[in-house]
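Letters go in sequence order (proteins before strands), and every chain restarts at 1.
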Amino acid sequence: MSKDKSAKIPTPQPVRGTQDMLGDFADRFAHVVETFERVRRLYGYKRIEVPVIEPTAVFARSLGETTDVVSKEMYSFEDRGGESITLRPEFTAGIARAYITNGWQQFAPLKVATHGPLFRYERPQKGRYRQFHQLDAEVLGSDSALADAELLVFADQLLKELGIAEGVTLTLNTLGDAASRDAWRAALVEHFEAHRGDLSEDSLTRLDKNPLRILDSKDAKDRPIADSAPDIDAFLTSEARDFFDAVTAGLDAAGVAWERNARLVRGLDYYRHTAFEFVTDRLGAQGTVLAGGRYDGLIEALGGPPTPAVGWAAGIERLAMLLADDVIDNRLDAVIAVEDDSQLAFALKVIAAMRGNGLATEIVATGSPRKRFDKAGKIPAHALIAIGTRNGETYANIRGDSELTTKIDAIIRVL
RNA sequence: GCGACCAUAGCUCAGUUGGUUAGAGCGCCGGUUUGUGGUACCGGAGGUCGCGGGUUCGAGCCCCGUUGGUCGCCCCA
C-alpha cells in the first residue's frame, strides 16, 4: 500500500439504490427464489425468460397516461442506433409483448413464471431500491375467475412455505368491469368534489390526475373523506359481482384467508376485476409484499388481440427481509484446523476425502499454528477436526455430533 | 422533486460546556500458555474524524456549502 495519498485512486461509488449482497442475505435471497421455483412447478406454471431491456414503447404504452411514472421513473437511454431503450421496470409489459410477438396465443391459457432484476429511478428507502428483484407469475388468455383464485392460492402457499404467512394479510378488492369502474369513478369524483375544501393538497392534484388514489391516501386529513366515499359494490354489474364472488369462493374453498379492502385500487385503466395485495406492517412504509390483479386491457393496449390476463409480482428483497433468522443454516459440516504445518499434506487429503463424501468442509491452515484451533472454532460448523503431530505421530481429533464424528472418523481412518 | 436524521479505524460505535498525543469492542497480524484444548493473557498494524470553506488563540464537536447514506413524503407499473 502506498502512503502517498495524492497517488490514491478514487474508488467509484456504487450506483444509488443498488446493493451488494454477501453471505447471509444473499443466501436468504436465493432461498426465496428456490422456494418460488419449487412452488410454481406445483401449480404448473412454465418457466419464462424475457429481456431486461425492451423498446421504451413497451412500457410507455402499457403505462398509458401516468406521465409521472413514464417520464421520471424509468431508466431509459438511446442505443447506438438511436432507438429508445428502457431497463424493464416491471415484468408484465415485457411478457405481454412476448406473448404477442411470439404468437403464444396458440398456448392460451398460458401460465408462466419468472424472476429477476427490475429498475426504477426512485429515491431509495427501506425495501425500495433502484435495482430490485421480483418473482412474477402471470396467466395469459384466461377470463376465468378460477385463474385468479389459483394464482392467489399459489401466492398464499408460497408465503406459507417461506414461513412468513404469519403477519402477512391478503387484502382483496374488485375494480369491476369497464362499466362498473366508470360508474364508480364518476361517483367518487362527485363525492370528492363535494369535500374539495377538506382534502389535502396532494389529494387535490389526485382529484385531477388519478382520483381513485385518494382512497388509499396516507394523509390523516383525507381519511374521513376517503373512508366515507362510496364502495364499488353499489356500481358493480351483475357479471362483475358474479366474477368477484367466484374468486372469493375459490379462495374459501382452498382455505386461503383474505380480507376485503374496499379502498384498494389501481391507477391504470387496463386493470379490471380482481386487485390484491399481501401486506405486512413489518417493513416500514413499504408494506406490500406481493401484489397483482387482472389486467384484461393491457395486451390490447400493446397492439395485440383483446386478451384477458391476471398476474402478480413480489419483491424478493422484501420477502428475504421477512424470513425468520433460523431459515438459513450456513453451518459447514466440518472445519479442519491444521495445527502443525508438517501435516498439511495429510490435512489436504482429509479435506478432499470429506468433500468427496459430500461433507461441506473448510480448512484453517494459515497464520500462527497455535491460533488455528481457535480460529477454526469460530467458523460455524457441525464438527471440528484438529490435525497435528503428537509423539511423532499424526493425530486427528474430532469433536461434534456423535453421528457425524463417527462418519468423519471412518473417512479419515482409511486414508 | 420535497423533508428529517446521520457521516470518527476494515465493521459496530464512544468521544464531556470547543482545550494536550482521537478511544473501545469485534476483525486482522504477532507473541505467551507444549497443550486432546482454550469465551485466556500481552503486544502490533490500521484514522487527511466524508469533502470544501468559515468562526476561534484552539474545531471530531459551532456555522455555511457540498457529497454520500438512512428513513419518510410524492409516486408505486
If pairing requires Watson-Crick or G-U wobble contacts with both distances under 3.5 Å, which nucleotide is the partner of [N]?
N     : value
B:G46 : none
B:G35 : none
B:G10 : B:C26
B:A4  : B:U70

More than 12 heavy atoms of other groups within 6.0 Å of [X] [atom1]:
X      : atom1 : answer
A:L404 : CG    : yes
A:K160 : NZ    : yes
A:E190 : CD    : no

OP1 or OP2 of [N] under 4.0 Å from side-chain N/O of [X]:
X      : N     : answer
A:K378 : B:G27 : yes
A:K72  : B:G1  : no
A:R399 : B:U36 : no
A:Q125 : B:G72 : yes
A:N210 : B:C76 : yes

For the [atom1] atoms, the ones on [N] and on [M], what distance do you get once it is rounded to whole angstrom?
N     : M     : atom1 : result
B:G25 : B:G15 : C1'   : 15 Å
B:U70 : B:A77 : P     : 23 Å
B:C28 : B:U67 : C1'   : 30 Å
B:U8  : B:C51 : C1'   : 14 Å
B:G47 : B:G23 : C1'   : 11 Å
B:C61 : B:C6  : C1'   : 15 Å
B:A4  : B:A45 : C1'   : 40 Å

### Query
Has the side chain of A:E339 got a donor or acceptor that lies under 3.5 Å from a partner of the other kind on the base of B:G37?
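Between B:G37 and A:E339, which were checked side chain against base, a qualifying N/O pair under 3.5 Å is present.
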### Message
Can you say whether a donor on the side chain of A:R128 sits under 3.5 Å from an acceptor on the base of B:C76, or the other way round?
### Response
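Side chain to base: pair found, below 3.5 Å.
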Base, sugar-phosphate, or nothing: which does [X] touch, judged by heavy atoms less than 4.0 Å apart?
X      : answer
A:R16  : sugar-phosphate
A:R206 : sugar-phosphate
A:G284 : sugar-phosphate
A:Y395 : base
A:A386 : base
A:N397 : base
A:Y271 : sugar-phosphate

### Query
Want to settle it: does A:Y129 or A:E277 sit nearer the 5' end of RNA chain B, counting the closest nucleotide to each?
A:Y129
### Message
Judged by each residue's nearest nucleotide on RNA chain B, which is more toward the 5′ side, A:R266 or A:S217?
### Response
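Whichever sits nearer the 5' end wins; that is A:S217.
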### Message
Would A:R272 and A:Y295 count as a cation-pi pair here, with the cationic atom under 6.0 angstrom from the ring centre and within 45° of the axis?
### Response
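The answer is no; the distance or angle limit is not met.
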### Task
Compute whether any side-chain donor of one residue and acceptor of the other, for A:D219 and A:S217, lie under 3.5 angstrom apart.
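A:S217 and A:D219 do not have a side-chain donor-acceptor pair below 3.5 Å.
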#### Entry: Pair A:Y395-A:E339, side-chain donor/acceptor within less than 3.5 Å
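Yes, A:E339 and A:Y395 have a side-chain donor paired with an acceptor closer than 3.5 Å.
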